[in-house]
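Following: one structure in structure tokens, then a few remarks.
Residue numbers start from 1 in every chain, and the chains themselves are labelled A, B, ... in the order their sequence lines are given, proteins ahead of strands. Note that these values count all heavy atoms, side chains included, but never hydrogens, waters or copies made by symmetry. All values reported here derive from a predicted model rather than from experimental measurement.
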There are 2 protein chains.
Amino acid sequence: MYYVNGKEYICSVSIVQDIFNDKWKLGIIWHLLEGEKRYKELFEEVSEITQKTLTIKLRDLEEKHLIKRVVFPEIPPKVVYSLTPIGEKLRPVLKEMFEWGILYVKECGEVTKMNACEVKFSN
Amino acid sequence: MYYVNGKEYICSVSIVQDIFNDKWKLGIIWHLLEGEKRYKELFEEVSEITQKTLTIKLRDLEEKHLIKRVVFPEIPPKVVYSLTPIGEKLRPVLKEMFEWGILYVKECGEVTKMNACEVKFSN
DNA sequence: CAGGATCCATCAAGATACTG
DNA sequence: CAGTATCTTGATGGATCCTG
């Protein structure tokens, strides 16, 4: 039994389940795997997300210690988001998801357009 | 660009995201990693799920070719669910989630009660 | 630039009862 | 045993406008 973020979990997988039972957070992490990003960059890269939702998700990820938020006291404002060490450790998880997704498409779907989908796992 | 289950995805991770953006499906897969299960077994093992929700999720997973449903024409009825080959290939994904969850607890949470959480990855 | 504030629509999911 | 059928609710996310 685990206790984290004010909740109890019977299995460590359910922690991951709970954190990422969400339409956006995985995508945000995905883009942050490339390196730190400004708010605006994330807003543009995480396709279709609204500002309100992005803000909420960033706050939530920060609260759960998966990302770090650094504010530069400038005008205009500059805020940079990056993965924490534990957030960075999600890379292998995303990698497995990425690879399974490709297997799944091969079996049950199709590639409709080639795009050099960012390879974040070359290392 | 990928096309699967009537939708387009820009990245294979978003396929996984889409399938498992859900409170229950990961847990169902998790229990099926142990082997085939009857409806009732899943109902008991996936803690807190209702019958209605379980049925919906099983149907959805079946439609997406992640699980197989076999009906035995008996009275009383017997229905057995199991992972398809592509469903079985989710094992490494779940494994990474499992392991990351443990790291996460070490860093940000605590183990409140020891329980020999099913180790499905001993192989 | 990086958000905050509102209002609103949707839908997943819970509760409960019923059935071939 | 393995589901269905309704009804209800709460949270997520969308749309739009505002601001230090």
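- Side-chain contact between B:Ile15 and A:Ile102: absent, with no pair of heavy atoms (C-beta onward) separated by less than 4.5 Å.
- Protein chain B touches strand DNA chain C; the 5'-most and 3'-most nucleotides with an atom under 4.0 angstrom of its non-hydrogen atoms are C:dA13 to C:dG20.
- The distance from atom CZ of A:Phe20 to atom CG of A:Leu90, rounded to the nearest 0.5 Å, is 4.5 Å.
- Residue-level contact check: A:Tyr81 touches the backbone only, with heavy atoms under 4.0 Å from sugar-phosphate atoms and none from bases.
- We find that CG of B:Asp22 is positioned 13 Å from P of D:dG13, with the value rounded to whole Å.
- Between the B:Tyr9 side chain and the B:Val16 main chain, no donor and acceptor come within less than 3.5 Å of each other.
- In this model, the phosphate group of D:dG13 is not approached by any side-chain N or O of A:Lys23 to a distance below 4.0 Å at OP1 or OP2.
- Annotation: of the two residues near DNA chain C, A:Arg59 and A:Asn21, the 5′-most nearest-nucleotide partner is A:Arg59.
- No side-chain donor-acceptor contact under 3.5 Å links A:Trp100 to the backbone of B:Gly87.
- In this structure, the CD1 atom of A:Ile49 is 12 Å from the C1' atom of D:dT12, given to the nearest Å.
- The interatomic distance linking A:Leu54 (CG) with D:dG13 (P) rounds to 12 Å, in whole Å.
- The side chain of A:Lys57 approaches D:dG13 more closely than any other nucleotide in the set D:dG3, D:dC7, D:dG13.
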Go through it in stages, so that I can follow the logic: the residues are A:Lys95 and A:Glu99, the test is side chain to side chain contact (heavy atoms under 4.5 Å, CB included), and I'd like the CA-CA distance, side-chain angles, deciding distance and then a yes or no. CA-CA 6 Å; A:Lys95 176 182 175 163; A:Glu99 290 175 351; 3.3 Å; yes
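- A distance of 5.5 Å separates CG in B:Asn5 from NZ in B:Lys64, rounded to the nearest 0.5 Å.
- Map B:Ile56 and B:Gln51 each onto its nearest nucleotide of DNA chain C; the residue landing nearer the 5' end is B:Ile56.
- An OP1 or OP2 oxygen of D:dA2 is reached within less than 4.0 angstrom by no side-chain nitrogen or oxygen of B:Arg69.
- Using bins of under 30°, 30° to 60° and over 60° for the plane-to-plane angle, the ring pair B:Trp30/B:Phe98 lands in the parallel bin.
- Across the protein-nucleic acid pair, B:Lys40 atom NZ and D:dG3 atom C1' stand 14 Å apart, rounded to whole Å.
- Residue-level contact check: A:Lys52 touches the bases, meaning some heavy atom is under 4.0 Å from a base atom.
- In this structure, the CD atom of B:Gln17 is 14 Å from the P atom of D:dT12, given to the nearest Å.
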